[in-house]
Amino acid sequence: MKAFDYEDIQLIPEMCIVKSRGECDTSIKLGKHKFKMPVVPANMATVVNEELCEKLAEQNYFYVMHRFNVDTLQFVKKMKAKNLIVSISVGVKKPDYEIIHELKEQNLIPDYITIDIAHGHSLAVRDMIKHIRKQMGTKTFIIAGNVGTPSAVRDLEYWGADATKVGIGPGKVCITKLKTGFGTGGWQLSAVNWCSKAATKPIIADGGLRVNGDVAKSIRFGASIVMIGSLFAAHAESPGNTVEIDGELYKEYFGSASEFNKGEKRYVEGRKDVIKIRGSIFETLTEMEQDLQSSISYSGGNKLMDIRKVDYVVLKDSNF
Ligand SMILES: NC(=O)C1=CN([C@@H]2O[C@H](COP(=O)(O)OP(=O)(O)OC[C@H]3O[C@@H](n4cnc5c(N)ncnc54)[C@H](OP(=O)(O)O)[C@@H]3O)[C@@H](O)[C@H]2O)C=CC1
Ligand SMILES: Nc1nc2c(ncn2[C@@H]2O[C@H](COP(=O)(O)O)[C@@H](O)[C@H]2O)c(=O)[nH]1
């Protein structure tokens, strides 16, 4: 099968119809809510924490709080008290079932729940979707993943997911493809394209974006939103530990399936990296928004989905 990734593709410009890039609208609706941009920082312990999620929500960015060593119930209560959108992650184990049950008992219904496991095309995910639906009804928007095939997208949608998250192994600190031989690492953009053709609901392209222009490429090939880890790690607000190397400051960025996140060496599929500290994440988000506005103008339109209409080329010296 022919496949391509972000660096193998260039989008082809169309005639500009706007006087300023400021006219281009990057907003996206997901479920009942409209967000500033189709971009969400990864639900990883070195990318977001409660404080950052709160700030993202206040500024109308979509966020997904991670599920590692956190008091999810407390987080939901705090966000509800502040009248902010509630978006959490769960796994598929017994404590995750209990969190959902307890939230329901206390009438704390999250707006978004992301079921976040490595191999999301799984009966365990089917059962968790069923459990969430039983407890929360249709008030909660369910994102399920991660997957990498059209049949997985179809199954997750059929089981009741409102959106699916695509990406197995394209992440910067991911070693799934090295350790298992499986995944979408190296052809993530093709996987998004392929999955989006089967999807009847939104797709979130997760992992493998290395530059801001990859957001527009993801949208062109069928994503509604992109999830990004490494480009958002190592900011002033990032929770990763700061380390000094040769007089320069870096922050740690590690995989959720790494030994560092798991606290044990069992089924490790992630590694640790260090990234040079940059400014505020909100400056990066603003730059990304401006770059995306520019992408929309190059697409010949004035709204996000106009990017879907453009043609593209596969570069001659591409890896493929
Ligand atoms: N997008 C990606 O490419 C990947 C992302 N991750 C991230 O790492 C975190 C931890 O993921 P995960 O280990 O799934 O979470 P958990 O440790 O919570 O495991 C979830 C459940 O799924 C089982 N499980 C995990 N992987 C597989 C598999 N390949 N086949 C069958 N069962 C499996 C686990 O059991 P048991 O451990 O006993 O097998 C466990 O019961 C998540 O945030 C996930 O998104 C991890 C790897 C790849
Ligand atoms: N295979 C693994 N994938 C992981 C792990 N931890 C997180 N992830 C995935 O990576 C993306 C972020 O990718 P990036 O290229 O933007 O840095 C994240 O959203 C997860 O889907 C892991 O330990 N192993």
Side-chain angles (χ1 to χ4, degrees), residues 28 30 33 35-80 82 84-91 96 99 110-118 141 143-146 163 165 167 170-174 204-209 212 215 225-242 250-258 260-263 270 272-289:
I28 181 85
L30 186 69
H33 302 275
F35 300 97
K36 214 181 247 184
M37 264 215 294
V39 170
V40 59
N43 52 343
M44 298 167 70
T46 49
V47 177
V48 290
N49 57 11
E50 293 193 17
E51 206 184 330
L52 179 54
C53 287
E54 207 178 307
K55 286 184 188 158
L56 290 164
E58 278 165 359
Q59 298 194 34
N60 198 29
Y61 291 106
F62 184 46
Y63 77 89
V64 180
M65 180 54 194
H66 68 76
R67 65 181 174 90
F68 308 108
N69 294 317
V70 287
D71 186 340
T72 299
L73 214 69
Q74 216 37 53
F75 173 73
V76 174
K77 270 188 198 160
K78 192 170 70 178
M79 296 300 274
K80 288 257 180 213
K82 297 188 172 184
L84 294 168
I85 285 175
V86 181
S87 174
I88 59 165
S89 304
V90 294
D96 300 297
I99 287 169
D111 301 289
Y112 299 87
I113 298 180
T114 297
I115 306 170
D116 167 44
I117 65 166
F141 187 96
I143 299 167
N146 274 24
K165 199 145 67 73
K172 182 106 190 284
V173 284
C174 166
I204 300 177
D206 179 12
L209 288 87
N212 291 0
V215 177
I225 292 197
V226 298
M227 179 172 264
I228 301 178
S230 54
L231 291 180
F232 287 132
H235 285 87
E237 301 86 349
S238 310
N241 286 331
T242 302
Y250 294 77
K251 275 200 183 187
E252 289 181 345
Y253 172 51
F254 52 68
S256 306
S258 68
F260 310 95
N261 199 56
K262 289 183 161 208
K272 181 160 78 178
D273 207 350
V274 287
I275 303 177
K276 230 182 205 175
I277 291 194
R278 17 199 171 180
S280 165
I281 193 172
F282 292 97
E283 286 166 12
T284 297
L285 281 161
T286 300
E287 184 185 337
M288 216 175 248
E289 185 181 352

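- Here the shortest heavy-atom pairing between A233 and R278 reads O-NH2, 3.0 Å.
- Counting only heavy atoms from C-beta outward, the side chains of T114 and I204 never approach each other to under 4.5 Å.
- Looking at E58 and K82, no side-chain N of the basic residue comes within less than 4.0 Å of a carboxylate O on the acidic one, giving no salt bridge.
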Checklist entry - side chain to side chain contact (heavy atoms under 4.5 Å, CB included) between F62 and L30: does it pass, once the steps are laid out? => result CA-CA 9 Å; F62 184 46; L30 186 69; 3.7 Å; yes
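- When all heavy atoms of M79 and I85 are compared, the pair lying nearest together is CE-O, 3.6 Å.
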Checklist entry - So Y253 and V274, side chain to side chain contact (heavy atoms under 4.5 Å, CB included) or not? Walk me through it. => result CA-CA 6 Å; Y253 172 51; V274 287; over 6 Å; no
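- Between V90 and R67, the shortest heavy-atom contact is C-CD, 3.4 Å.
- The two residues V64 and I88 make their nearest non-hydrogen contact at CG1-O, 4.1 Å.
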Contacts under 3.5 angstrom, residues 68-76 side chains, donor-acceptor by atom type, not counting sequence neighbours:
from: D71; atom 1: OD1; to: L73; atom 2: N; distance (Å): 3.4
from: D71; atom 1: OD1; to: Q74; atom 2: N; distance (Å): 3.1

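- Residue T284 comes nearest to L231 through the heavy atom pair CG2-O, 4.1 Å, listed as atom of the first residue, atom of the second, then distance.
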Next on the checklist: Before you tell me yes or no, could you show the steps for S256 and H66 under side-chain hydrogen bond (donor to acceptor under 3.5 Å, both in side chains), namely the whole-Å CA-CA distance, both residues' side-chain angles and the distance that decides it to 0.1 Å?
Outcome noted: CA-CA 9 Å; S256 306; H66 68 76; over 6 Å; no
Could you give the side-chain donor-acceptor pairs of residues 35-47 under 3.5 Å, partners two or more places apart or in another chain?
from: K36; atom 1: NZ; to: Q59; atom 2: O; distance (Å): 3.3
from: N43; atom 1: ND2; to: S89; atom 2: OG; distance (Å): 3.0
from: T46; atom 1: OG1; to: F254; atom 2: N; distance (Å): 3.3

Next on the checklist: Assess the residue pair F232 and M227 against the criterion (side chain to side chain contact (heavy atoms under 4.5 Å, CB included)); give the C-alpha distance rounded to whole Å, side-chain angles, the decisive distance to 0.1 Å, and a yes or no.
Outcome noted: CA-CA 10 Å; F232 287 132; M227 179 172 264; over 6 Å; no
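- Salt-bridge formation is not detected for the pair E237/K55: no Lys NZ or Arg NE/NH1/NH2 atom is positioned less than 4.0 Å from an Asp or Glu carboxylate oxygen.
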